[in-house]
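Each chain gets a letter, A, B and so on, in the order its sequence line appears, and its residues count up from 1.
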Protein chains: 2
Amino acid sequence: MPTVSSEELAAAAGVNSAKLRKDFSYLGSYGTRGVGYDVEYLVYQISRELGLTQDWPVVIVGIGNLGAALANYGGFASRGFRVAALIDADPALAGKPVAGIPVRHSDDLEKIIQDNGVSIGVIATPAGAAQQVCDRLVAAGVTSILNFAPTVLSVPDGVDVRKVDLSIELQILAFHEQRKAGEEAAADGAVPATAARKQSAGKGPDGDMPAVMPA
Amino acid sequence: MPTVSSEELAAAAGVNSAKLRKDFSYLGSYGTRGVGYDVEYLVYQISRELGLTQDWPVVIVGIGNLGAALANYGGFASRGFRVAALIDADPALAGKPVAGIPVRHSDDLEKIIQDNGVSIGVIATPAGAAQQVCDRLVAAGVTSILNFAPTVLSVPDGVDVRKVDLSIELQILAFHEQRKAGEEAAADGAVPATAARKQSAGKGPDGDMPAVMPA
DNA sequence: ATGTCTTTGTGAACGCGTGCACAAAGATGG
DNA sequence: CCATCTTTGTGCACGCGTTCACAAAGACAT
Ligand SMILES: NC(=O)c1ccc[n+]([C@@H]2O[C@H](COP(=O)([O-])OP(=O)(O)OC[C@H]3O[C@@H](n4cnc5c(N)ncnc54)[C@H](O)[C@@H]3O)[C@@H](O)[C@H]2O)c1
Ligand SMILES: NC(=O)c1ccc[n+]([C@@H]2O[C@H](COP(=O)([O-])OP(=O)(O)OC[C@H]3O[C@@H](n4cnc5c(N)ncnc54)[C@H](O)[C@@H]3O)[C@@H](O)[C@H]2O)c1
């Protein structure tokens, strides 16, 4: 029976082994003292807890450059997500297959959502259309939205929104880049050491950035 | 002179005003008591601190569906990022313009990086090529990488990597979705309340997920 | 069986980020 | 020039997540 110890997993993930064990303990006592965790069983338990054992139908709205790239992305299916439909407002696209799935016109949006029991929607429309599309998705029953348009969406309570913004990712990199550059060349009104948190040495997945930035 | 108070900004950003003031204080004392912050001056100071006042040349490697979508993305330029070059291994693409920029062959990768003083690279190649591309970028002098390929890149110390993974974003949404669903229907081996951190009520930009998930 | 050795699960301490609350600063009006 | 009012900047305390450290559990050998 293949097993892993919390120590091994922690080293691989670059975190503290105690934290890892404590995190796992919230899911139950799945380890064996003196041995470690049964890999297969552990993967199953975590998958179940994360909701990966169920099938999640998603719709992608806005099948342009980005939407098409997302539709073609194989990483979807491998984690239990199924593209239930591709939706676009452009009549010229309607019926044309993208990644093997025919594009549906956005007139049918509500029907598609309801017929497929979709609760997760992806927005890849131009920024100007995003809020409107969002409202329709929410009204039709979608309660989780992944937004690629550079807009802040407002949604009612109970609806989750995650925004993916390439330029913010680049800004975070640029921020660290700048800090690397001016590390020993620090001269003028430099930020006091307090603000220079732990220097993410290529490890920490989350950046250390000031928390707030006005639009 | 248009000004904003920390209270207004905090409300708009959905954070605590004291935290916002304290964050700003790390950059210096740019506010005026009894009045607030001079908007223009504040924006400049934050921009400078974040490195947005300089011009950052970036290269995109792998001009397929995703790479082309990224190249077309206008959010780049508006934040001080300039697409210095598009690079692909496919000879058929070489010379063809994408988003107005001719695609260069990856043979010239090192030269392009050095000629343009590029320190930020974007990887949008298939997963199999990502590490190899990464190694070449780093060897050529790139010290920040934005990775869209579903692979964990290993890089030397001093190089920052950020990974954008659509399926992880979806997983986070699905996780909350599952929790919403089973909220009052909680029955079997449910996670103890401790693990159910603050229910992000559509506000918190960062999700609350177990920190570690083995590959 | 008993002992040893490894690794889990977790109580307790630590450290840090967040938020409260207020004094100081400065604008504004009389 | 002084009083008042608003809003900043920040010391301090609280709370939460992280880490330490160890007892308990179980495997495995003798
Ligand atoms: N987050 C990122 O990193 C990132 C990267 C690239 C692009 N983007 C953004 O993603 C969005 C799409 O980018 P793109 O390059 O694919 O643009 P695009 O113009 O190629 O595609 C937009 C598509 O949306 C469709 N559309 C427009 N209004 C619609 C509506 N009301 N309902 C349904 N469909 C509608 C259009 O017909 C078009 O097919 C843009 O907002 C862009 O800024 C984000
Ligand atoms: N992170 C996400 O959310 C997300 C979404 C979609 C796709 N992806 C990933 O992004 C990557 C690209 O996706 P895509 O749909 O554009 O794929 P694609 O096949 O359309 O494009 C890949 C491109 O990379 C080029 N390429 C291959 N090897 C190369 C090399 N060694 N050097 C330079 N260029 C090379 C190919 O010629 C091709 O043009 C894939 O790894 C995919 O899994 C990620």
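In this structure, the separation between CG on A/Leu170 and CG on A/Asp165 is 9.0 Å, given to the nearest 0.5 Å. Separating the CD1 atom in A/Ile46 from the CG atom in A/Leu27 is a distance of 6.5 Å, to the nearest 0.5 Å.
If you look at A/Phe24 and A/Tyr30, their ring centroids are not closer than 6.0 Å.
Nucleotide D/dG9 holds its P atom 15 Å from the CG atom of B/Asn16, rounded to whole Å. Separating the CG atom of A/Leu9 from the C1' atom of C/dT7 is a distance of 13 Å, rounded to the nearest angstrom. When rounded to the nearest whole Å, the span between OH of A/Tyr37 and P of D/dG26 equals 14 Å. When rounded to the nearest whole Å, the span between CZ of A/Arg21 and C1' of D/dA23 equals 13 Å. In this structure, B/Leu20 places its CG atom 17 Å from P of C/dG17, rounding to the nearest Å. Rounded to whole Å, the distance from CD on B/Glu8 to C1' on D/dT8 is 14 Å. Taking atom CG on B/Asp23 and atom C1' on D/dT10, their separation rounds to 13 Å, with Å as the unit. Per the geometry, CG belonging to B/Leu27 stands 15 Å off P belonging to D/dT8, to the nearest Å.
As judged by a 4.0 angstrom heavy-atom cut-off over every strand, B/Ser17 is placed among residues making no nucleic acid contact.
For the pair A/Ser6 and C/dT8, the criterion of a side-chain N or O lying under 4.0 Å from OP1 or OP2 is met. Put simply, A/Tyr30 has no side-chain N or O that comes within less than 4.0 Å of OP1 or OP2 on C/dT7.
In the interface, the side chain of B/Lys22 is not paired with the base of C/dG17 through any donor and acceptor atom under 3.5 Å apart. In the interface, the side chain of B/Arg33 is paired with the base of D/dT8 through a donor and an acceptor atom under 3.5 Å apart.
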task = Evaluate the side-chain contact (heavy atoms from CB on, under 4.5 Å) criterion for residues A/Ile60 and A/Phe76: first the C-alpha distance (whole Å), next the side-chain angles of each, then the deciding distance (0.1 Å), finally the verdict.
result = CA-CA 12 Å; A/Ile60 303 176; A/Phe76 263 133; 4.0 Å; yes

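Relative to the side chain of B/Lys19, the nucleotides D/dC20, C/dT18, C/dA21 differ in distance, and C/dT18 lies closest. Here C/dG26 is the nucleotide among C/dC20, C/dG26, C/dG9 with the atom lying nearest to any side-chain atom of B/Thr32.
Without hydrogens or angle criteria, B/Glu8 side chain to B/Ser5 main chain gives a donor-acceptor distance under 3.5 Å.
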